[in-house]
Amino acid sequence: MLALLPLVCSLLMAAFATLVFCLAIDRWMKVRKLTLAFLVISVGCCLGMIVVGGLEYQHWTARQMLVEYAFMWTGLTIGMFPSRKLFLEYGDEWRRGIKREKYEYPARYQAALYLSVVLMGFLGFILAT
């Protein structure tokens with residue numbers, strides 16, 4: 001359904017999802033280099049999804065993969081929202097030069113992240129076909 005929109009609309013959806021994700025990371029971590037790294041990683045993931053989608057047996061179009069990317073990245077941002085205080089703490093420690101051997105990410109935050117990404121992935125799949 002959403003894949004029937006013009007390519008520009010799909011690109012805007014993907015760009016908006018990336019922008020929201022990067023702004024959330026920047027606000028929670030407050031490390032500009034990390035935000036830039038996530039931007040580069042996000043663009044790489046988007047391009048990778050388009051390439052892999054084209055190589056699949058079903059031959060997913062770029063529009064379908066852009067819709068799926070936008071929904072997955074929105075799910076990622078929503079799923080990271082409950083752990084924002086933890087990210088603020090880790091970002092503050094990072095800026096002060098405090099390094100931990102292991103950064104704990106509690107299971108309840110992982111469950112929220114996985115659930116939102118999977119649900120948004122299914123929703124994106126339904127709306128992209």
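Contact check for L88 versus M29: no side-chain heavy atoms found under the 4.5 Å cut-off.
Shortest non-hydrogen contact noted between Y109 and P82 is CE2-O, 3.5 Å. Contact detail for T35 and C22: the closest heavy-atom pair is CG2-O, 3.5 Å. Annotation for D26 and R32: closest pair OD2-NH1, 2.6 Å, computed over non-hydrogen atoms. Pairing each heavy atom of A128 with each of A3, the nearest pair is O-CB, 3.3 Å. Between I25 and M80, the shortest heavy-atom contact is CD1-CE, 3.4 Å. Heavy atoms only, all atoms of each residue included: G75 and S116 are closest at O-OG, 2.7 Å.
The aromatic rings of W28 and F87 sit parallel to each other, their planes meeting at less than 30°, with 60° as the upper class boundary.
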- Task: Determine, step by step, whether M120 and M72 satisfy the side-chain contact (heavy atoms from CB on, under 4.5 Å) criterion, reporting the C-alpha distance in whole Å, the side-chain angles of both residues, the deciding distance to 0.1 Å, and the verdict.
- Result: CA-CA 6 Å; M120 290 298 283; M72 296 288 275; 5.6 Å; no
- Item | Verdict with reasoning, Y69 to M13, per side-chain contact (heavy atoms from CB on, under 4.5 Å) | CA-CA 9 Å; Y69 168 83; M13 285 174 43; over 6 Å; no
- Message: Checking R63 against L4 for the side-chain contact (heavy atoms from CB on, under 4.5 Å) test, could you report, in this order, the C-alpha distance in whole Å, the side-chain angles of both residues, the deciding distance, and whether it holds?
- Response: CA-CA 8 Å; R63 290 180 190 161; L4 298 176; over 6 Å; no
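Judged by distance alone, with hydrogens and angles left aside, the side-chain atoms of Q64 form a donor-acceptor pair with the main-chain N or O of T61 at under 3.5 Å. S83 contributes no side-chain N or O that, together with a main-chain N or O of L86, makes up a donor-acceptor pair within less than 3.5 Å.
Enclosure of atom CZ in R100 by more than 12 non-hydrogen atoms of other residues, nucleotides or ligands within 6.0 angstrom is indicated. A 6.0 Å sphere centred on CZ of R27 holds no more than 12 heavy atoms belonging to other residues, nucleotides or ligands. Taking a 6.0 Å sphere around NZ of K99, one finds it holds more than 12 heavy atoms contributed by other residues, nucleotides or ligands. Annotation: Y103, atom OH; neighbour count of heavy atoms from other residues, nucleotides and ligands within 6.0 Å is above 12.
Each of L7 and F16 belongs to its own hydrophobic cluster when Ile, Leu, Val, Met, Phe, Trp and Tyr are linked at side-chain heavy-atom distances under 4.5 angstrom.
For the residue pair T18 and W73, no side-chain donor N or O sits within less than 3.5 Å of a side-chain acceptor on the partner.
Salt-bridge annotation for R96 and D92: present, with a side-chain N of the basic residue lying under 4.0 Å from a carboxylate O of the acidic one.
Applying the ring-ring contact (aromatic ring centres under 6.0 Å, His included) rule to pairs touching residues 36-67 yields F21-F38, W60-F125, sequence neighbours excluded.
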